[in-house]
Chemist: 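Quick one: the structure is below, questions incoming.
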Amino acid sequence: MDFADSPAEAAFRAELRAWLGTHLPDHRRRYPPSDDELTLHPDKSFDACRAWHRRMHAGGWVGLRWPREYGGRGASLVEQLIFAEELIAAGAPPGVNTIGLGMVAPALMVHGTPEQKARRLQPILAADEIWCQGFSEPNAGSDLANVSTRAVLDGDHFVVTGQKVWTSNAHRSDYCILLARSDPGSTRHKGLSCLLVDMRTPGITIRPLRQLTGDSEFNEVFFDGARVPAPALVGTLHRGWDVAVTILMYERQSLGGMVNLHLFIDRVLALARRQGATDPVLRQRLADLVIAGRALRLTNLRYVTRELAGTPVGAEGSVLKLTFTDAYKQMAEVAASILGPYAQLWGGNGWAPEDGRWAFQTLFAHRFGIAGGTDQIQKNIIGDRLLGLPR
Ligand SMILES: Cc1cc2nc3c(=O)[nH]c(=O)nc-3n(C[C@H](O)[C@H](O)[C@H](O)COP(=O)(O)OP(=O)(O)OC[C@H]3O[C@@H](n4cnc5c(N)ncnc54)[C@H](O)[C@@H]3O)c2cc1C
């Protein structure tokens, strides 16, 4: 891969930098560059992030890779990478509606009816309608095909009964893309359907789940005979698994902060310098961390090169996910070691370095080993598909 920008890419970068230079929101000063940019975790500042999202949308910087016919910018993969890099470098906050933009909309572009596309895509882009993903259940996480929430056709409505769990942002969402069993006699991947569900439908109860960090970013969602109009079906009845696979493919791609972890690791290096961390063991751990960040970036870029050449990344994505998770945890641990006992102080405490960022990160880092497929599942994929280990 040629690391230098082409003239067109350099122009794109310059245009973006100039725009960021004049449009970065004031609240950035109140929420200094922190976890938000990488994790797209707007729990603490949702309204401010939505306002920023809308400003980016007005500037034509949302839906970067969406086709122009759907209101996107039609940008290339490399432009998308430049965009992510520049936003982090500028300390920009994240936008909102990650699931809508990155998963629901692409699935609608593939499987949706013309009416669904016309009605749904624009409000997703503008963050006028926020979406969540209702896939996981208490007995269907890694084993997603075990979904047991039912959506049975009754005249012109589906009647939905069951429970979802881990539903990120359900409490803020207007709509949910739901995977449910529409053919009551079916098992596993067959007989499922995907529905676009209005979260205000009577019969839906949302209960927040409190996380290690104290935030309640995700929820349990209960469906008790909720009646969902039949036109909310995406794709073919009982063939919802096809839609789910499309969504999961985009979910994996949207874990894209991975390519820029080195920029966050650089901040740990700066922290070490500021704190005068000279302990030789700590220096060694810092070096390991920097190497992990650089290796992750280069591996990522190697896969980008392959994508550009028309060979989509398959099971190798699991290598990236696994090494990213590991490096992220390492990053939080090294930062905590640099700060010593102060690393335990939570935001709001006057003595907490970086307003408690590292106390938060040490707990927050564990999510990556679960979300989007657990570490163990990634290892299974690597073993089966890449290493050819015996089953
Ligand atoms: C931050 C976060 C946000 C999320 N947001 C959403 C969301 O918005 N919508 C949604 O639908 N879901 C969401 N999820 C759920 C996520 O997809 C699941 O947590 C994940 O798929 C794991 O499923 P599970 O929690 O049921 O664990 P389980 O599948 O029950 O696994 C439990 C343990 O057993 C191990 N295990 C399971 N099967 C195997 C196997 N075959 N071989 C080896 N080990 C195995 C797992 O690795 C894990 O350690 C979110 C999760 C997190 C952490």
Side-chain angles (χ1 to χ4, degrees), residues 97-100 103-105 107-108 111-113 115-121 123-124 128-211 216-248 251 371:
N97 221 6
T98 323
I99 288 175
M103 291 152 65
V104 178
L108 286 179
H111 301 280
T113 61
E115 292 75 25
Q116 285 170 339
K117 291 179 200 174
R119 161 69 185 82
R120 303 289 173 189
L121 294 179
I124 289 178
D128 288 338
E129 290 175 354
I130 305 292
W131 283 75
C132 62
Q133 175 199 22
F135 279 22
S136 304
E137 298 182 358
N139 289 315
S142 305
D143 187 15
L144 186 58
N146 203 33
V147 158
S148 66
T149 294
R150 279 176 292 129
V152 181
L153 251 186
D154 174 25
D156 56 1
H157 281 74
F158 290 93
V159 180
V160 182
T161 309
Q163 184 198 344
K164 296 290 170 179
V165 72
W166 300 92
T167 320
S168 302
N169 269 319
H171 57 305
R172 296 203 180 93
S173 292
D174 303 289
Y175 291 93
C176 172
I177 185 137
L178 183 81
L179 185 63
R181 195 158 296 284
S182 47
D183 180 357
S186 65
T187 55
R188 309 296 300 162
H189 310 78
K190 299 199 176 108
L192 299 170
S193 290
C194 252
L195 304 178
L196 308 173
V197 178
D198 187 334
M199 292 300 278
R200 287 155 297 212
T201 308
I204 299 181
T205 309
I206 301 167
R207 280 198 210 144
L209 289 169
R210 202 167 153 86
Q211 300 155 231
S216 295
E217 180 201 359
F218 37 67
N219 306 267
E220 294 177 299
V221 182
F222 298 87
F223 296 86
D224 187 11
R227 294 182 69 82
V228 177
L233 174 72
V234 187
T236 310
L237 184 67
H238 305 328
R239 297 282 303 271
W241 189 253
D242 298 346
V243 184
V245 166
T246 307
I247 289 175
L248 295 174
E251 179 171 15

Chemist: So if I apply the side chain to side chain contact (heavy atoms under 4.5 Å, CB included) rule between V104 and each of N97, I247, L121, I124, which one comes out positive?
Modeler: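 It is I124, the one option of N97, I247, L121, I124 that forms the side chain to side chain contact (heavy atoms under 4.5 Å, CB included) with V104.
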Chemist: If you compare all heavy atoms of Q163 against all heavy atoms of P138, which two are closest, and at what distance to 0.1 Å?
Modeler: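 In terms of heavy atoms, the two residues are closest at OE1-CG, 3.6 Å.
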Chemist: Test side-chain contact (heavy atoms from CB on, under 4.5 Å) on N219 and L209; report intermediate values, then the result.
Modeler: CA-CA 5 Å; N219 306 267; L209 289 169; 5.7 Å; no
Chemist: Please name all residues satisfying salt bridge (Lys or Arg N to Asp or Glu O under 4.0 Å) with R119, sequence neighbours left out, ordered by chain then number.
Modeler: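 In terms of salt bridge (Lys or Arg N to Asp or Glu O under 4.0 Å), with neighbours along the sequence ignored, R119 is linked to E129.
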Chemist: Using a 3.5 Å distance criterion without hydrogens, assess whether the side chain of D174 forms a donor-acceptor pair with backbone atoms of I130.
Modeler: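 A pair under 3.5 Å: yes.
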Chemist: Mind checking ring-ring contact (aromatic ring centres under 6.0 Å, His included) for Y175 and listing every partner two or more places apart, or none if nothing turns up?
Modeler: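 Partners of Y175 by the ring-ring contact (aromatic ring centres under 6.0 Å, His included) criterion, ordered by chain and then number, come out as W131.
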Chemist: Scan for salt bridge (Lys or Arg N to Asp or Glu O under 4.0 Å) pairs involving residues 225-234, sequence neighbours excluded, and state none if there are none.
Modeler: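 Only D154-R227 qualify under salt bridge (Lys or Arg N to Asp or Glu O under 4.0 Å).
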Chemist: Apply salt bridge (Lys or Arg N to Asp or Glu O under 4.0 Å) to R120 and list each qualifying residue two or more places apart in sequence or on a separate chain.
Modeler: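 Scan of R120 (salt bridge (Lys or Arg N to Asp or Glu O under 4.0 Å), adjacent residues dropped) gives none.
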Chemist: Please report the closest heavy-atom contact between L233 and T236, naming both atoms and the distance.
Modeler: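 Of all heavy-atom pairs spanning L233 and T236, the closest is CD2-C, 4.2 Å.
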Chemist: Could you report the tightest heavy-atom contact between C132 and I99, atom names first, then the distance?
Modeler: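 So the two residues come closest at C-CG2, 3.9 Å.
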Chemist: Residues in side-chain hydrogen bond (donor to acceptor under 3.5 Å, both in side chains) with H238, at least two apart?
Modeler: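 With sequence neighbours excluded, H238 shows a side-chain hydrogen bond (donor to acceptor under 3.5 Å, both in side chains) to S182, given in chain and number order.
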Chemist: Taking ring-ring contact (aromatic ring centres under 6.0 Å, His included) as the definition, give me every residue that meets it alongside F222, ordered by chain and number, with sequence neighbours left out.
Modeler: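 F222: no ring-ring contact (aromatic ring centres under 6.0 Å, His included) contacts found.
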Chemist: Are the side chains of L195 and V160 in contact, using a 4.5 Å heavy-atom criterion?
Modeler: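 V160 reaches L195 side chain to side chain.
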Chemist: Report the residues that fulfil salt bridge (Lys or Arg N to Asp or Glu O under 4.0 Å) with E220, sequence neighbours left out, ordered by chain and then residue number.
Modeler: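 Residues passing salt bridge (Lys or Arg N to Asp or Glu O under 4.0 Å) with E220: none at all.
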Chemist: What is the distance from atom NZ of K190 to atom CZ of R239, rounded to the nearest 0.5 Å?
Modeler: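 One gets 10.5 Å once the value is rounded to the nearest 0.5 Å.
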Chemist: List the residues meeting side-chain hydrogen bond (donor to acceptor under 3.5 Å, both in side chains) with D128, not counting sequence neighbours, and say none if there are none.
Modeler: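 Listed in chain order: R54.
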Chemist: What residues form a side-chain hydrogen bond (donor to acceptor under 3.5 Å, both in side chains) with R200, not counting sequence neighbours?
Modeler: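 For R200, the residues satisfying side-chain hydrogen bond (donor to acceptor under 3.5 Å, both in side chains) (neighbours in sequence not counted) are D198.
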Chemist: Return the minimal non-hydrogen interatomic distance between S193 and L237, and the atom names on each side.
Modeler: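 Reported closest heavy-atom pair: OG-CD1, 3.6 Å.
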Chemist: How close do Q116 and P231 get, counting heavy atoms only, and between which atoms?
Modeler: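 In terms of heavy atoms, the two residues are closest at NE2-O, 3.1 Å.
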Chemist: Measure the CE-CZ distance between M199 and R172 for me, rounded to the nearest 0.5 Å.
Modeler: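 Taking CE in M199 and CZ in R172, the distance rounds to 13.0 Å.
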Chemist: Tell me every residue that passes side-chain hydrogen bond (donor to acceptor under 3.5 Å, both in side chains) with D143, counting only those two or more places apart in sequence or in another chain.
Modeler: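 In terms of side-chain hydrogen bond (donor to acceptor under 3.5 Å, both in side chains), with neighbours along the sequence ignored, D143 is linked to R188.
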Chemist: To the closest 0.5 Å, what do you measure between CG (L178) and CD (Q133)?
Modeler: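 Result: 10.5 Å between the selected atoms.
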Chemist: Find out whether C194 and H111 are in side-chain contact, i.e. whether some heavy atom of one side chain is under 4.5 Å from a heavy atom of the other.
Modeler: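 Result no, sub-4.5 Å side-chain heavy-atom pair not found.
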Chemist: I204 vs V197, test: side-chain contact (heavy atoms from CB on, under 4.5 Å). Steps then yes/no.
Modeler: CA-CA 10 Å; I204 299 181; V197 178; 3.8 Å; yes
Chemist: Is it the case that atom CZ in R181 sees more than 12 heavy atoms from other parts of the structure closer than 6.0 Å?
Modeler: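 Enclosed: over 12 neighbouring heavy atoms sit under 6.0 Å from CZ of R181.
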Chemist: By the salt bridge (Lys or Arg N to Asp or Glu O under 4.0 Å) test, which pairs, at least two apart or in different chains, include something from residues 158-167?
Modeler: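 Qualifying pairs, neighbours excluded: E137-K164.
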Chemist: Do F158 and L153 come close enough that some side-chain heavy atom pair is under 4.5 Å?
Modeler: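 A side-chain contact under 4.5 Å exists here.
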Chemist: Kindly give the heavy-atom pair with the smallest separation between P208 and I206, and that separation in Å.
Modeler: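 Smallest heavy-atom distance, with atoms named: CD-O, 3.9 Å.
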Chemist: Apply side-chain contact (heavy atoms from CB on, under 4.5 Å) to residues L196 and L108 and explain how you reach the verdict.
Modeler: CA-CA 10 Å; L196 308 173; L108 286 179; 4.1 Å; yes
Chemist: List in chain and number order the residues that pass side-chain contact (heavy atoms from CB on, under 4.5 Å) with W241, two or more places apart in sequence or in another chain; answer none if no residue qualifies.
Modeler: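 Per chain and number, W241 pairs via side-chain contact (heavy atoms from CB on, under 4.5 Å) with L144, A145, L179, H189, L192, A244, V245.
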